[in-house]
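I have placed the structure first, in the form of structure tokens, so that the comments after it can refer back to it.
All values below come from the heavy atoms of this structure, side chains included, with hydrogens, waters and symmetry mates left out.
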Amino acid sequence: QVELVESGGGLVQPGGSLRLSCAASGFTLDYYAIGWFRQAPGKEREVVSCISSSASRTYYADSVKGRFTISRDNAKNTVYLQMNSLKPEDTAVYYCARRSGSSWWTISVHPSGYGYWGQGTQVTVSS
């Protein structure tokens, strides 16, 4: 069955870095766009970054542009989110998700465009 497992979260000081990984199994990662989302306590889930199946297109939320980098290694069935210059407002549970529907190879910024989700990994930015 389709499974997405996030890892790499943790506690980091402001200005620090983390690299999140999303390990995919149960499907051919090459065919699907993947998104990273986050949800802070009391807030709605929001898109952070997305990458198309071929990695030819990427999207970044304005709040992370220039600080985060999304990438994928289809041979390793893994998508990454490199997070630099972290801020306290980046604190949230981070989720990766696989596109579903008729345009599964293209990016979408809407959570409704994703049919499979990981369990999430906590990122806490605090001194």
Quick one: closest heavy-atom pair of [X] and [Y], and the distance?
X	Y	value
Val79	Ile70	CG1-CG1, 4.1 Å
Ile34	Cys96	CG2-CB, 4.5 Å
Ser100	Gly115	OG-N, 3.1 Å
Val64	Val48	CG2-O, 3.6 Å
Tyr94	Met83	CE2-SD, 3.9 Å
Ser53	Asn74	O-ND2, 3.7 Å

Would you find a donor on one side and an acceptor on the other, under 3.5 Å apart, between the side chain of [X] and the backbone of [Y]?
X	Y	result
Arg72	Ser52	yes
Gln39	Ala92	no
Gln82	Arg19	no
Ser56	Ser54	no
Arg98	Phe27	no
Ser108	His110	yes

According to a 4.5 Å side-chain heavy-atom criterion applied to Ile, Leu, Val, Met, Phe, Trp and Tyr, with indirect links allowed, do [X] and [Y] form part of one hydrophobic cluster?
X	Y	value
Leu29	Leu81	yes
Tyr95	Tyr32	no
Tyr116	Val47	no

Practice task
Test salt bridge (charged side-chain N to carboxylate O under 4.0 Å, His left out) on Asp90 and Lys87 and set out the steps.
Solution key: CA-CA 5 Å; Asp90 295 318; Lys87 304 175 181 179; over 6 Å; no
Can you find a pair of side-chain heavy atoms, one from [X] and one from [Y], that are under 4.5 Å apart?
X	Y	answer
Val109	Ile107	no
Asn77	Ser25	no
Trp105	Arg99	no

Problem - Exceeds 12 heavy-atom contacts within 6.0 angstrom, atom CD of Glu89 - result: yes
Problem - Within 6.0 angstrom of Lys43 NZ, more than 12 heavy atoms from elsewhere - result: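 12 or below, so no.
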What distance do [X] atom [atom1] and [Y] atom [atom2] have between them, rounded to the nearest 0.5 Å?
X	Y	atom1	atom2	result
Ser17	Arg67	OG	CZ	10.0 Å
Leu18	Leu11	CG	CG	9.0 Å
Arg38	Thr91	CZ	OG1	9.0 Å
Arg57	Thr106	CZ	OG1	8.0 Å
Ser21	Leu4	OG	CG	12.5 Å

Exercise for the section: Sorted by first residue and then second, give each ring pair (Phe, Tyr, Trp, His ring centres under 6.0 Å) pair with at least one member in residues 35-84; sequence neighbours left out. Expected result: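 Qualifying pairs, neighbours excluded: Phe37-Tyr114, Phe37-Trp117.
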Practice task
List in chain and number order the residues that pass side chain to side chain donor-acceptor pair (under 3.5 Å) with Thr69, two or more places apart in sequence or in another chain; answer none if no residue qualifies.
Solution key: none
